[in-house]
2 protein chains.
Amino acid sequence: MGGRERRATVADVAALAGVSVGTASKALNGRGSLREETRTRVKEAARQLNVLVGPAGRGVASGRTYTVGMITTDRMGRISLPVLMGAEDALGAGQMSVFLCDGRDDPIREQYYLKTLLSRRVDGIIVTGRRTRPRAPIGANLPVPVVYAYIGSTDPRDCTVEPDEAGGVRKGIEHLLAIGRTRIAHIAGPEQHNSSRLRSAAAADRLAEEGLELVTPPMFGAWTETWGRQAVGILLSSRIEFDAVFCGNDQIGRGAADALRAAGRRVPEDVAILGFDNWDIMAEYSQPPLTSVDMNLTGLGRSAAHILLAGINGNPSPGRHLYPCDLVIRESTTVPLLSAPRTPDARPGADLRPEASVAGLTGHGMPLAGDVPHASAG
Amino acid sequence: MGGRERRATVADVAALAGVSVGTASKALNGRGSLREETRTRVKEAARQLNVLVGPAGRGVASGRTYTVGMITTDRMGRISLPVLMGAEDALGAGQMSVFLCDGRDDPIREQYYLKTLLSRRVDGIIVTGRRTRPRAPIGANLPVPVVYAYIGSTDPRDCTVEPDEAGGVRKGIEHLLAIGRTRIAHIAGPEQHNSSRLRSAAAADRLAEEGLELVTPPMFGAWTETWGRQAVGILLSSRIEFDAVFCGNDQIGRGAADALRAAGRRVPEDVAILGFDNWDIMAEYSQPPLTSVDMNLTGLGRSAAHILLAGINGNPSPGRHLYPCDLVIRESTTVPLLSAPRTPDARPGADLRPEASVAGLTGHGMPLAGDVPHASAG
DNA sequence: CTGAAAGCGCTAACAT
DNA sequence: ATGTTAGCGCTTTCAG
């Protein structure tokens with residue numbers, strides 16, 4: 001645990017530098033107008049004493065704590081984590097620290113945390129969590145701004161940042177169309193899930209715009225590989241023809257890929273597969289790796305944090321904000337480049353732009369992945 | 001973002017209740033000796049004013065902030081997250097809040113965060129991160145106690161809490177022995193990895209105690225499914241007989257299971273598989289689900305937090321602490337219960353089993369998911 | 001340009 | 001049992 005060192009204060013620094021505390025404070029914070037010489041002398045003293053002035057006393061003096069709370073309403077995981085990281089990133093850069101609170105799906109805990117955060121006088125709160133449906137507001141009339149990230153609030157006046165899942169699905173479907181697929185099947189998650197219905201509807205809508213429809217109604221099931229396999233079984237035995245499968249998530253996609261391969265269908269030559277989530281471990285290690293919609297959760301979290309900061313500074317943006325999804329293209333929808341020098345991390349075949357040489361589509365270019373954080377295509 | 005409410009203070013409460021601030025403070029904190037009537041009156045006033053006294057001013061007054069920092073040295077993930085959650089859990093119960101800092105593998109960021117935390121006058125610090133090898137201490141002679149969780153420190157005087165991987169391996173091997181397997185192969189991760197070597201050695205040691213040895217030297221490779229499949233291929237073509245495979249992690253295990261099944265070996269009847277990590281998504285959805293060693297990361301985090309709290313209270317426990325691993329038994333080492341009750345959530349259309357057509361599979365019932373999350377070994 | 005002094009929200013001695 | 005007072009570490013007027 002290491003020996004402890006006495007903690008010096010600004011007063012100590014002032015003494016060492018032979019100035020008053022007020023002066024020392026200004027010097028350390030770059031405020032006020034001081035002679036340069038004084039400023040450096042103070043800083044030097046601070047360095048010697050190993051003093052870091054921070055929000056400790058500042059908070060009580062200035063009314064702001066430079067601190068925000070982040071409450072995950074369900075146990076943190078694949079969804080909340082990237083959101084959290086994004087937010088932490090954005091806030092950290094803004095000199096704010098983040099209090100982490102894991103509500104563990106328990107409303108009591110959640111309220112307890114809310115109280116704790118308020119008692120600590122955080123400057124703002126971010127609420128996040130895996131969403132099934134919009135949640136009840138975490139509190140009414142709170143003294144600090146709140147933004148909901150990923151998960152929505154049932155109160156439309158609340159500030160939320162949500163992934164544009166429908167937009168993501170559209171990008172994916174457009175990609176399938178661009179590579180000439182028109183007979184698209186859709187293996188979905190559980191029908192009760194919001195996301196599941198939303199994604200199905202978006203797919204159907206986008207196809208309708210081309211005068212197409214899914215080869216079967218959405219096949220609702222579970223978010224599992226097993227369901228992906230089973231659904232493909234059903235599809236195959238139904239003798240319906242299809243040249244692409246849009247899967248509600250990557251696990252389903254992976255199961256589907258396995259089952260298709262086992263049945264002797266080539267992916268993507270015979271059947272292309274489109275996943276959702278771009279969950280690396282699933283999408284990349286699938287055989288073949290899956291093209292998938294990425295919700296940009298980290299970006300979403302970052303965005304939520306920025307909106308919160310604006311709110312803290314008195315510029316609230318109430319209401320619903322959508323954050324765009326990207327499409328990450330892998331081999332389940334493109335022929336791999338055999339000769340491509342594969343970097344361990346990269347997407348082989350990313351440069352192989354799908355030849356829009358195809359049917360029905362009025363050859364508008366593929367809206368290739370929103371690029372920013374992803375598609376390193378180049 | 002909701003309307004803001006003016007934030008009332010203890011002084012306001014005191015005024016409303018018609019007492020002095022001192023008294024109000026005592027009432028609100030259950031300290032000192034007050035008439036019950038006064039206490040309730042004050043509390044009532046606080047409720048009305050929506051006042052929560054918290055560590056805001058308390059910190060500056062008492063010298064303690066009731067706050068600890070948690071630094072993940074690498075980007076947070078499968079390892080750090082459960083550790084974090086455990087710690088957060090233990091600390092939250094102790095009324096402490098946690099500052100989350102993700103070092104992103106960047107020593108600069110890490111040091112920046114360290115400074116930030118110290119400037120916020122946290123009471124203590126937990127350092128965590130995916131370990132490859134013990135790391136350099138995050139700082140020397142810090143003014144607060146530090147405990148390293150999961151990841152070790154190169155300074156033996158530092159307080160660390162690490163998983164007892166060797167113990168976990170021993171439990172696993174003992175389980176294999178208990179089900180009558182003696183010809184055990186070992187597919188390991190990369191040889192450079194600490195964990196990899198450690199797990200291999202532990203396996204060999206435990207077998208040696210029975211006068212046995214691995215059927216081949218540890219096969220070092222990568223932590224991937226692909227390697228699991230390849231290694232099984234090597235094993236099979238070598239014609240060495242084996243009735244169990246201890247895999248360095250669950251991904252390897254999963255690949256091994258796939259390859260064995262494809263080659264017509266029954267798991268677990270012909271070959272039992274033991275994984276490591278008990279990474280739910282891998283172990284549970286493998287076919288069959290994998291028996292695996294669980295490092296109890298959440299418990300480890302909780303333990304680290306408790307040790308830190310003790311340290312903060314003046315009872316440091318420097319040095320290395322080992323946290324026990326558990327064995328979670330699934331079907332890769334046991335014959336499945338055919339009559340197992342199905343949960344509603346799972347597998348719609350379970351009767352249509354496409355994979356039944358795959359070569360050599362003796363169609364035993366669908367490997368039902370691991371059910372009990374933690375069946376610990378006897 | 002610098003120092004003195006007041007005060008942020010709260011606790012902890014010490015008086016009453 | 002309650003009130004008074006003096007800080008905690010720091011910022012911020014406001015005088016000098």
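We name chains A, B, ... by the order of the sequence lines, and we start the count at 1 in each one. Computed over heavy atoms, backbone and side chain alike; hydrogens, waters and symmetry mates excluded.
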Chemist: Just the rounded figure in Å: distance from P of dG9(D) to CG of Leu118(B).
Modeler: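 After rounding, the reported distance stands at 15 Å.
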
Chemist: Starting the side chain at C-beta, find the nucleotide from dC10(C), dT2(D), dG9(D) nearest to Arg121(B).
Modeler: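 Among dC10(C), dT2(D), dG9(D), the one nearest the side chain of Arg121(B) is dG9(D).
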
Chemist: Would you classify Ser62(A) as touching base, sugar-phosphate or nothing, given that sugar-phosphate means primed atoms plus P, OP1 and OP2, and contacts are heavy atoms under 4.0 Å?
Modeler: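 Answer is nothing: Ser62(A) stays at 4.0 Å or more from every strand.
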
Chemist: Output yes when Lys115(B) and Glu110(B) qualify as a salt bridge under the 4.0 Å nitrogen-oxygen rule, no when they do not.
Modeler: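 Looking at Lys115(B) and Glu110(B), the cut-off is not met.
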
Chemist: Any idea which of dG9(D), dT2(C), dC10(C) is nearest the Thr38(A) side chain?
Modeler: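 Per side-chain heavy atoms of Thr38(A), the pick is dT2(C).
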
Chemist: Could you check how far CG of Leu34(B) sits from P of dA12(C), rounded to whole Å?
Modeler: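 Result: 14 Å.
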
Chemist: The side chain of Ser20(A) lies closest to which of these nucleotides: dC10(D), dA4(C), dT12(D)?
Modeler: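 In terms of side-chain proximity for Ser20(A), the closest of dC10(D), dA4(C), dT12(D) is dA4(C).
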
Chemist: Tell me: OH of Tyr66(B) to C1' of dT11(C), nearest whole Å?
Modeler: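 The answer, rounded to whole Å, is 10 Å.
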
Chemist: Whole angstroms only, please: what is the CD-P distance between Glu37(B) and dT2(D)?
Modeler: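 My rounded result for the distance is 8 Å.
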
Chemist: Are side-chain N/O atoms of Ser20(B) and Thr23(B) paired as donor and acceptor at under 3.5 Å?
Modeler: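 Short answer, yes.
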
Chemist: For Arg78(B), does the CZ atom have more than 12 heavy-atom neighbours from other residues, nucleotides or ligands under 6.0 Å away?
Modeler: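 Counting other residues, nucleotides and ligands, CZ of Arg78(B) exceeds 12 neighbours.
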
Chemist: Hey, can you pull the residues of residues 21-29 of chain B with a non-hydrogen atom under 4.0 angstrom from DNA chain C?
Modeler: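 Contacting residues: Gly22(B), Ser25(B), Lys26(B), Asn29(B).
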
Chemist: If a pair satisfies ring pair (Phe, Tyr, Trp, His ring centres under 6.0 Å) and one of its residues is in residues 61-101 of chain A, list it, with sequence neighbours excluded.
Modeler: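 Pairs touching residues 61-101 of chain A that pass the test: Phe99(A)-Phe99(B).
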
Chemist: Roughly how many Å is it from CZ in Arg35(B) to C1' in dG3(D), rounded to a whole number?
Modeler: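 About 13 Å, once rounded to whole Å.
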
Chemist: Considering only NZ, NE, NH1 and NH2 on the basic side and carboxylate oxygens on the acidic side, decide whether Arg47(B) and Glu44(B) come within less than 4.0 Å.
Modeler: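 Judged by the 4.0 Å cut-off on N to carboxylate O distance, Arg47(B) and Glu44(B) do form a salt bridge.
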
Chemist: Take atom CZ of Arg64(B) and atom P of dA12(C), then tell me their distance rounded to the nearest Å.
Modeler: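 The answer, rounded to whole Å, is 11 Å.
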
Chemist: Whole angstroms only, please: what is the CZ-P distance between Arg31(B) and dT2(D)?
Modeler: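 That distance rounds to 17 Å.
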
Chemist: Return yes when atom CZ of Arg133(B) has more than 12 non-hydrogen atoms of other residues, nucleotides or ligands closer than 6.0 Å, and no otherwise.
Modeler: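 Counting other residues, nucleotides and ligands, CZ of Arg133(B) stays at 12 neighbours or fewer.
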
Chemist: Which nucleotide in the list dT2(D), dT12(D), dC10(D) gets nearest to the side chain of Ser33(B)?
Modeler: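 So the side chain of Ser33(B) is nearest to dT2(D).
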
Chemist: Between atom CZ in Arg39(B) and atom P in dG3(D), what is the gap in whole Å?
Modeler: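 To the nearest whole Å, that distance equals 13 Å.
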
Chemist: Which heavy atom of Ala24(A) sits nearest a heavy atom of Ala14(A), and at what distance?
Modeler: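 Heavy atoms of Ala24(A) and Ala14(A) come nearest at CB-CB, 3.9 Å.
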
